[in-house]
Amino acid sequence: MAEENGGAPQMKMSVLAQFVRDMSFENMVAQKGLASADVQPDIQVQVSLDARKRTQEFQYDIVTKFKVTSKNKVNGDTLFLMEVDYGGIFHVEGVPEDQLHPFLLIECPRLLFPFVRRIISDVTRDGGFPPLNIDTVDFVALYRQELARRAQAQAAVN
């Protein structure tokens with residue numbers, strides 16, 4: 001590994017592969033024949049992340065999981081439900097051990113996000129709805145929420 005600036009290792013990251021691990025789209029309007037002249041969509045997006053070390057040195061699997069639910073505000077009927085697990089295989093080296101976990105769960109998903117956003121947009125459009133361009137995800141806030149949730153769960157155990 002190359003050394004620079006007083007012996008600090010140089011950080012290297014590359015995306016080795018990207019893939020859809022799992023995806024489903026359910027159009028309830030078409031399936032159940034829901035009809036309402038008054039449709040006011042309420043879109044909810046849930047995001048979760050998963051990271052794990054691969055057997056190859058410096059390689060990690062990162063999976064972003066999106067669950068998108070559209071309900072009619074008027075009557076609560078579900079219009080559509082989409083779930084997609086989008087992953088990437090990353091080569092990461094030179095990141096200090098104490099910074100690796102946040103790096104994997106913030107920077108790597110940030111690189112994957114534009115691709116999963118496009119998939120969600122295309123699938124909702126192809127499913128008979130206007131294309132859904134979800135808002136940018138704040139992966140730093142998501143990471144902090146997860147740390148707080150884990151700390152709270154740990155405190156409840158003790």
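Only this structure's heavy atoms are used, side chains among them; waters, hydrogens and symmetry mates stay out. Everything quoted here is computed from the prediction, not taken from an experiment. For reference, positions follow the sequence shown, starting with 1.
Taking CG from Asn133 and CZ from Arg125, the interatomic distance works out to 10.0 Å, rounded to the nearest 0.5 Å. Atoms CD and CE, on Gln99 and Met11 in that order, are 10.0 Å from each other to the nearest 0.5 Å. Atoms CD1 and CZ, on Ile134 and Phe66 in that order, are 4.5 Å from each other to the nearest 0.5 Å. Atom CD1 of Ile89 is separated from atom CD of Gln56 by 8.0 Å, given to the nearest 0.5 angstrom.
The shortest side-chain heavy-atom distance between Leu111 and Met13 falls under the 4.5 Å cut-off. Taking the side chain as every heavy atom from C-beta outward, Gln18 and Val116 never approach each other to under 4.5 Å.
Across all non-hydrogen atoms, the minimal contact from Leu112 to Ile62 is CD1-O, 4.0 Å. Residues Leu104 and Cys108 come closest through the heavy atom pair O-CB, 3.4 Å. For the pair Pro130 and Thr124, the tightest heavy-atom approach, listed with the atom from each and the gap, is O-OG1, 3.7 Å.
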Residue pair Lys71, Asp42: steps toward the salt bridge (charged side-chain N to carboxylate O under 4.0 Å, His left out) verdict = CA-CA 5 Å; Lys71 292 189 176 196; Asp42 180 26; over 6 Å; no

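Counting heavy-atom neighbours within 6.0 Å of Asp126 CG, excluding the residue itself, gives a total above 12.
In the hydrophobic clustering of ILVMFWY residues, with side-chain heavy atoms under 4.5 Å counting as a link, Ile106 and Val47 come out together. Under the 4.5 Å side-chain heavy-atom criterion for Ile, Leu, Val, Met, Phe, Trp and Tyr, Val29 and Leu81 are members of distinct hydrophobic clusters.
In this pair, Phe129 and Phe25 present their aromatic rings perpendicular. The plane angle is above 60°, beyond the 30 to 60° band. The aromatic rings of Phe113 and Phe139 lie perpendicular to each other, with more than 60° between the two planes, well past the 30° mark.
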